[in-house]
Amino acid sequence: MTGTSDLLLVSVDVESHVCAMAQTPGVRFADFFGSVEDGQLVIRLVWALDAEHEYRVARWPARGTGYPPLSEVTPAAFVEECEIYEQFGVSPGKGKALNRLVIPPGAEHAFPRLGEAPAREHPLPHASHYVSGDAFEFPFGPVRGVGQESMYLGLVTSGEELIDLYLLQWHKHRGIERRLGGEEVARALFVIERAEGLSAVGNSWAFLRAVEEIAEVTPHPAVDRSRGVALELERLYNHAAAIAALCQSTGLAVGQAQAEIVLEQLLRLNAAVFGHRYLFGVLAPGGTSRAADADALVTSLPPTMDTLRRLVDALWATNSFVDRLESCGIVTPAEAARLGLVGPVARASGQDIDTRRDHAFGPYAEVAVEVPVRATGDVMARMSVMVAEMEESARLALDLAGAGLGAGTVEVPPATGSALGWCESPRGESLLWVDLDGGRIRRARVRPGSVRNWRAFDDAARSRNVFTDIPIIEASFWLTVAGLAR
């Protein structure tokens with residue numbers, strides 16, 4: 001795998017390194033995590049240099065005094081600061097207030113961690129916040145409705161307009177990263193597929209690319225094209241589901257029914273092409289475990305896209321639908337860049353990024369990927385990006401099928417080493433950093449796109465919206481709680 005570089009820092013270099021990187025044009029914060037190596041906590045910071053088609057990984061040993069509060073320089077790092085404190089007991093300096101992330105109050109001893117527990121647990125589930133004037137908190141969740149993941153929303157309001165919002169998302173925590181320790185690659189793949197089931201292909205491919213880099217294995221190009229078809233089919237059904245959720249959240253029952261027809265057609269297409277509606281079990285170490293039925297793809301995808309186009313034309317012509325989307329849940333381009341957003345949420349806010357193009361891998365080195373970008377950052381822009389991406393995904397899937405699809409695997413021998421893998425999942429950039437010892441996992445860092453984008457949800461919800469806008473904004477982000485609380 002090309003496109004990664006590694007940099008060792010000493011503790012005194014960390015703050016200056018982060019300031020320099022954060023102020024460099026074209027450099028994007030991507031991830032920040034810890035691992036215990038030879039009994040010592042080592043922290044890694046991942047930067048994406050998209051224009052240079054490179055990821056840069058900086059690492060340094062964390063001392064007892066912790067590390068500088070990186071989120072003061074790059075606010076996108078706040079979630080990871082909370083996670084490192086919960087999992088390893090090390091906090092940033094300067095007394096920075098942190099939120100609970102995945103360890104619920106009262107259950108501190110019930111959840112094994114990746115390292116040492118903090119000497120003192122968070123006294124509150126979230127950092128204190130203050131609202132002036134007459135306001136109250138409206139509690140919503142964690143049980144919110146049929147088919148919705150458990151999540152608590154604290155809605156602060158003075159009546160109808162939303163003043164503030166905070167999220168408690170630990171209800172889906174399963175300790176995925178800790179469970180992966182000591183596992184063989186095949187078993188780990190089974191778990192990673194299910195860490196965020198709606199991005200099974202995207203997360204799995206990122207993991208396998210890291211493993212295959214360590215083992216110096218390259219799948220056959222035709223097999224990689226099959227992986228690409230699976231990834232684009234995953235993007236198609238996710239975006240169709242998001243459109244159905246947008247129709248539901250705006251009370252458009254007929255539009256919802258028509259969108260769910262498209263969704264069902266796409267899920268049946270997945271089963272016809274790869275044998276599984278949600279594309280589980282398609283990817284395997286060194287290739288694919290299932291052959292792709294190219295004839296089923298070529299026969300069924302074009303008419304399904306015709307049905308989608310008729311639906312989208314009808315939705316754009318429905319004033320009551322469009323009115324609810326325009327100027328709702330705005331994330332400005334500056335905010336999207338500041339928070340390191342990825343995927344459709346970022347592209348709807350002016351961020352021209354896509355790992356299929358910027359960090360081309362597998363079959364995407366052979367095809368040109370058109371990346372739709374919008375600037376308004378509202379729900380309307382996010383849906384517009386998804387619709388455009390569906391057209392592009394359909395084109396890419398058919399082009400890859402036309403170039404020839406393959407199946408089967410090459411042997412992946414037990415190997416030792418570490419590598420970073422990436423993929424453009426339906427929610428955006430998915431990163432998997434893997435450290436192997438003789439084919440078994442010492443540490444696997446799983447960072448789905450949802451981890452990056454939840455950071456902007458509360459800001460979007462506070463941007464002059466009312467209660468009934470929240471389900472619309474959530475549908476347009478189309479994130480998973482499981483992807484964050486993995």
Side-chain angles (χ1 to χ4, degrees), residues 1 184-195 197-238 265-302 304 355-356 360-367 369 392-415 419 421-426 430 432 434 439:
M1 183 189 308
E184 294 181 343
V185 167
R187 174 62 183 174
L189 176 63
F190 180 89
V191 175
I192 287 170
E193 262 191 338
R194 288 152 181 80
L198 297 181
S199 293
V201 175
N203 292 333
S204 296
W205 201 353
F207 170 67
L208 290 175
R209 293 189 66 248
V211 169
E212 290 159 4
E213 167 66 12
I214 297 168
E216 299 182 347
V217 166
T218 303
H220 190 278
V223 174
D224 253 354
R225 286 194 288 271
S226 293
R227 288 178 167 184
V229 170
L231 181 64
E232 298 311 324
L233 290 180
E234 182 170 80
R235 198 179 324 280
L236 280 165
Y237 90 74
N238 267 277
Q265 290 174 340
L266 289 168
L267 293 174
R268 293 183 181 184
L269 177 61
N270 292 346
V273 177
F274 286 109
H276 196 286
R277 285 166 62 88
Y278 293 95
L279 303 169
F280 282 23
V282 175
L283 274 62
T288 62
S289 59
R290 299 178 182 177
D293 188 335
D295 291 339
L297 179 73
V298 172
T299 300
S300 299
L301 183 54
T304 301
T355 60
R356 293 173 297 172
F361 55 91
Y364 297 105
E366 305 172 4
V367 296
V369 179
E392 181 67 0
S393 288
R395 182 190 70 81
L396 287 170
L398 293 171
D399 285 354
L400 291 172
L405 305 179
T409 62
V410 295
E411 182 182 359
V412 179
W422 58 88
C423 186
E424 187 69 21
S425 80
S430 175
L432 269 287
V434 181

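Sequential numbering from 1 along the given sequence is applied to the chain's residues.
Looking at S393, its side chain never comes within 3.5 Å of a backbone N or O of L236 through a donor-acceptor pair. Checking side-chain atoms of E212 against main-chain N and O of G286 turns up a donor-acceptor pair under 3.5 Å. Within the 3.5 Å criterion, the main-chain N or O of G202 finds a donor-acceptor partner in the side chain of E234. N238 places no side-chain N or O within 3.5 Å of a backbone atom of S199 that could act as its donor or acceptor partner. Looking at E424, its side chain does come within 3.5 Å of a backbone N or O of T355 through a donor-acceptor pair. Put simply, the side chain of S430 never gets that close to the backbone of C423: no donor and acceptor are under 3.5 Å apart. Put simply, the side chain of E184 never gets that close to the backbone of G439: no donor and acceptor are under 3.5 Å apart.
A distance of 12.5 Å separates OG of S226 from CG of L231, quoted to the nearest 0.5 Å. One finds the CG atom of L283 at 11.5 Å from the CZ atom of R209 (value rounded to the nearest 0.5 Å). Rounded to the nearest 0.5 angstrom, N270 CG and R268 CZ are separated by 12.5 Å. Here L208 contributes atom CG and I192 contributes atom CD1; the two are 8.0 Å apart, rounded to the nearest 0.5 Å. Once rounded to the nearest 0.5 Å, the distance linking CG of L432 with CH2 of W422 reads 12.0 Å.
Taking 4.5 Å as the limit, some side-chain heavy atom of E366 sits within range of a side-chain heavy atom of P221. Under the 4.5 Å side-chain criterion, counting only non-hydrogen atoms from C-beta, Y237 is not in contact with R277. Taking the side chain as every heavy atom from C-beta outward, L266 and L233 never approach each other to under 4.5 Å. At a threshold of 4.5 Å between non-hydrogen side-chain atoms, the residues W205 and D224 count as touching.
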- Message: Before you tell me yes or no, could you show the steps for F207 and V434 under side-chain contact (heavy atoms from CB on, under 4.5 Å), namely the whole-Å CA-CA distance, both residues' side-chain angles and the distance that decides it to 0.1 Å?
- Response: CA-CA 7 Å; F207 170 67; V434 181; 3.6 Å; yes

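Residues L297 and A401 come closest through the heavy atom pair CD2-CB, 3.6 Å. Of all heavy-atom pairs spanning P363 and G228, the tightest one is CG-CA, 4.2 Å. Nearest heavy-atom pair across P219 and R227 is CG-NH1, 3.8 Å. Closest of all the heavy-atom pairs between A215 and P413 is CB-O, 3.9 Å. Nearest heavy atoms, A407 versus T288: CA-OG1, 3.4 Å. Heavy-atom minimum distance, R235 versus S425: NH1-O, 3.1 Å.
Under the 30°/60° scheme for interplanar angles, the aromatic rings of Y364 and F361 are found to stand perpendicular.
For the side-chain contact (heavy atoms from CB on, under 4.5 Å) criterion with P285, the lone passing option out of V211, V217, V185 is V185.
Salt bridge E232/R356: present, at least one basic N to carboxylate O contact under 4.0 Å.
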